[in-house]
**Q** 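Let me give you the structure first, and then I'll get to my questions.
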Amino acid sequence: MKLCGHTMGMPDKSIFEALEFCASLGLEGIEIRCAANGHLDPETVDPFRVALIAEAAHRSGVAIACLTPYYKDYSTPEAAEATLAGIHKTCQIAEDLDCRLVRATGGVWTEAMGGLEARTTRERIWDGTVAGLQQAADLAIQHHVRLALENHSGTLTQTAEDTVAMVRQVDRPNLGILMDHYWVVAAACCQQDAGAPTALLDAVRLQAPYVLHCHVKNIVWVDGKPQANFLDEGAIDWLPILRILQEHGYDGYLSDEYEKFWRPELPEPEEGMGRNARYLRETLGRL
């Protein structure tokens with residue numbers, strides 16, 4: 001398995017500085033947050049800048065492991081059209097960057113969306129999201145790109161079971177899973193001492209055959225709510241998780257999703273991401 005830095009952890013660095021920083025930590029890849037306030041905006045980036053980024057990545061020796069856009073809504077035909085247009089743009093950019101992976105999202109869903117008709121509404125949005133992801137995967141394969149469907153809150157695919165079910169139903173060879181175990185744990189646990197470790201490892205085993213990319217962070221509870229934390233401090237023991245992935249032949253990236261962008265009060269990436277990189281190397285050494 002290879003180590004990857006997420007630009008979410010480096011909001012004050014340019015994409016060129018982020019590449020050099022990842023190289024200085026000995027990371028082999030970088031995941032780029034693609035948004036208007038990210039390091040690359042698919043809506044506005046021009047081909048010349050994309051070429052400069054590709055050149056800088058080659059020069060640094062850091063591969064562009066994944067592009068992570070925020071196109072996710074398939075709940076109406078109009079929303080799906082806009083989502084697919086955005087995914088198509090991102091996949092075109094990925095091809096130009098020699099990046100073979102783009103993050104996908106399992107639609108949009110919160111329990112509040114359904115109200116009294118929650119089940120019917122969820123089934124309708126689920127079916128629309130499956131159809132949308134099929135089209136997205138068909139667009140992606142034209143650019144030799146795979147899509148990695150993430151476990152995430154606010155979507156239909158936070159749990160391992162739902163994520164695997166959607167991947168199986170979409171049934172495209174270039175669609176797999178972006179495993180974010182933090183959100184699987186958050187879905188299963190409502191307080192710090194809740195949750196069954198065995199069941200949570202079963203969730204990893206369920207997803208492992210489909211995993212294309214893996215986000216790594218730990219979890220603590222603050223006032224009853226989950227919060228991301230340093231990898232060496234929290235409720236998640238990454239050693240058995242990485243062992244399961246290794247047993248299933250996973251040799252992709254472990255992407256440090258250090259949340260400095262969302263939480264500016266966190267230590268600078270030199271400290272926080274450096275600490276996480278040391279933990280991952282030590283843990284991989286124990287496999």
Side-chain angles (χ1 to χ4, degrees), residues 2-72 82-83 85-105 136 140 143 145-148 150 152 178 180 182 212-217 228 252-277 280:
K2 299 168 286 189
L3 303 191
C4 178
H6 198 305
T7 61
M8 180 185 296
M10 307 168 263
D12 295 331
K13 298 183 186 297
S14 71
I15 184 59
F16 306 105
E17 292 168 335
L19 283 162
E20 291 301 323
F21 175 66
C22 287
S24 74
L25 290 183
L27 307 182
E28 293 141 296
I30 190 169
E31 179 173 349
I32 302 177
R33 184 172 175 273
C34 298
N37 57 1
H39 282 74
L40 188 158
D41 183 3
E43 299 297 326
T44 60
V45 69
D46 61 80
F48 180 69
R49 184 170 178 82
V50 171
L52 289 178
I53 295 170
E55 181 183 346
H58 178 75
R59 187 168 57 247
S60 70
V62 176
I64 299 176
C66 183
L67 298 187
T68 298
Y70 289 78
Y71 306 108
K72 58 186 178 181
T83 295
I87 289 174
H88 197 189
K89 290 175 187 175
T90 308
C91 290
Q92 289 175 321
I93 294 166
E95 183 178 22
D96 292 339
L97 291 172
D98 197 26
C99 171
R100 299 304 172 203
L101 196 66
V102 170
R103 190 273 297 266
T105 305
H143 299 282
V145 169
R146 297 181 296 176
L147 299 181
E150 186 176 9
H152 208 289
L178 195 169
D180 193 328
Y182 170 95
L212 300 178
H213 194 62
C214 182
H215 283 170
V216 290
K217 51 185 180 282
Y253 290 95
L254 304 175
S255 182
D256 177 14
E257 202 178 25
Y258 186 57
E259 293 198 337
K260 180 73 171 172
F261 177 83
W262 302 111
R263 296 170 55 204
E265 74 277 7
L266 286 174
E268 292 303 312
E270 285 76 7
E271 178 181 346
M273 294 182 69
R275 175 175 170 177
N276 287 340
L280 285 173

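Computation of the quantities below employed the complete heavy-atom set of this structure, encompassing side-chain atoms and omitting hydrogens, waters and symmetry-equivalent molecules.
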**Q** Using the test salt bridge (Lys or Arg N to Asp or Glu O under 4.0 Å), find all partners of K72 that sit at least two apart in sequence or belong to another chain.
**A** none

**Q** Main chain of L266, side chain of K260: is a donor-acceptor contact present, judged purely on distance under 3.5 Å?
**A** yes

**Q** Begin with the C-alpha distance, continue with both residues' side-chain angles, and end with the deciding distance and a verdict on side-chain contact (heavy atoms from CB on, under 4.5 Å) for F21 and K13.
**A** CA-CA 9 Å; F21 175 66; K13 298 183 186 297; 3.8 Å; yes

**Q** With rounding to the nearest 0.5 Å, note down the distance linking CG in L19 to CD in E55.
**A**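 Between L19 CG and E55 CD, I get 11.5 Å after rounding to 0.5 Å.
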
**Q** Which atom pair, heavy atoms only, marks the closest approach of A18 to M10?
**A**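 Heavy atoms of A18 and M10 come nearest at CB-SD, 3.8 Å.
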
**Q** Does some side-chain heavy atom of L101 sit less than 4.5 Å from a side-chain heavy atom of R146?
**A** yes

**Q** Nearest heavy-atom pair of S60 and E20: which atoms, and what distance?
**A** CB-OE2, 3.7 Å

**Q** What's the shortest heavy-atom distance between M8 and Y70, and which atoms?
**A**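 In terms of heavy atoms, the two residues are closest at CE-OH, 4.4 Å.
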
**Q** So do N276 and V216 actually touch side chain to side chain, heavy atoms under 4.5 Å?
**A**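 Result no, sub-4.5 Å side-chain heavy-atom pair not found.
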
**Q** With rounding to the nearest 0.5 Å, note down the distance linking OG1 in T7 to CD in E17.
**A** 13.0 Å

**Q** Just verifying a value: how many Å separate I30 CD1 and H39 NE2, rounded to the nearest 0.5 Å?
**A** 7.0 Å

**Q** In Å and rounded to the nearest 0.5 Å, what is the CG to OG1 distance from L178 to T68?
**A** 6.5 Å

**Q** Does D96 reach the side chain of I53, with side-chain heavy atoms less than 4.5 Å apart?
**A** no

**Q** Is E150 reaching over with its side chain to a backbone N or O of T105, donor-acceptor style, under 3.5 angstrom?
**A**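 No, because the side chain of E150 does not come within donor-acceptor range (under 3.5 Å) of the backbone of T105.
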
**Q** Could you tell me which residues satisfy salt bridge (Lys or Arg N to Asp or Glu O under 4.0 Å) with K2, sequence neighbours excluded, listed by chain and number?
**A**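 Expected list: none.
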
**Q** Is the charged tip of R103 near the ring of Y71: under 6.0 Å from the six-membered ring centre and within 45° of its axis?
**A** no

**Q** Drop me the distance from S255's OG to L280's CG, to the nearest 0.5 angstrom.
**A** 10.0 Å

**Q** Donor-acceptor pair, distance only, cut-off 3.5 Å: does the side chain of R33 make one with the backbone of F261?
**A** no

**Q** Walk me through whether H6 and D256 qualify under side-chain contact (heavy atoms from CB on, under 4.5 Å).
**A** CA-CA 6 Å; H6 198 305; D256 177 14; 5.8 Å; no

**Q** Do you know which of L97, D98, I93 makes side chain to side chain contact (heavy atoms under 4.5 Å, CB included) with I64?
**A** L97

**Q** First locate atom OG of S24, then atom CE of M273, and finally report the distance between them rounded to the nearest 0.5 Å.
**A**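 Taking OG in S24 and CE in M273, the distance rounds to 9.5 Å.
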
**Q** Looking at every non-hydrogen atom in both residues, tell me the closest pair between P269 and Y258 and how far apart they are.
**A** CA-CE2, 4.2 Å

**Q** Between H143 (side chain only) and V145 (backbone N and O only), is there a donor and an acceptor less than 3.5 Å apart?
**A**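 No.
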
**Q** Tell me, do C91 and L147 make a side-chain contact under 4.5 Å, heavy atoms counted?
**A** yes

**Q** Specify the closest pair of heavy atoms between C4 and L27, including all atoms of both residues, with the distance to one decimal.
**A**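 Heavy-atom minimum between the residues: C-CD1, 4.0 Å.
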
**Q** Looking only at heavy atoms, which two atoms of R263 and A228 are closest? And how far apart?
**A**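 Where R263 meets A228 most closely, the heavy atoms are NH1-O, 2.8 Å.
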
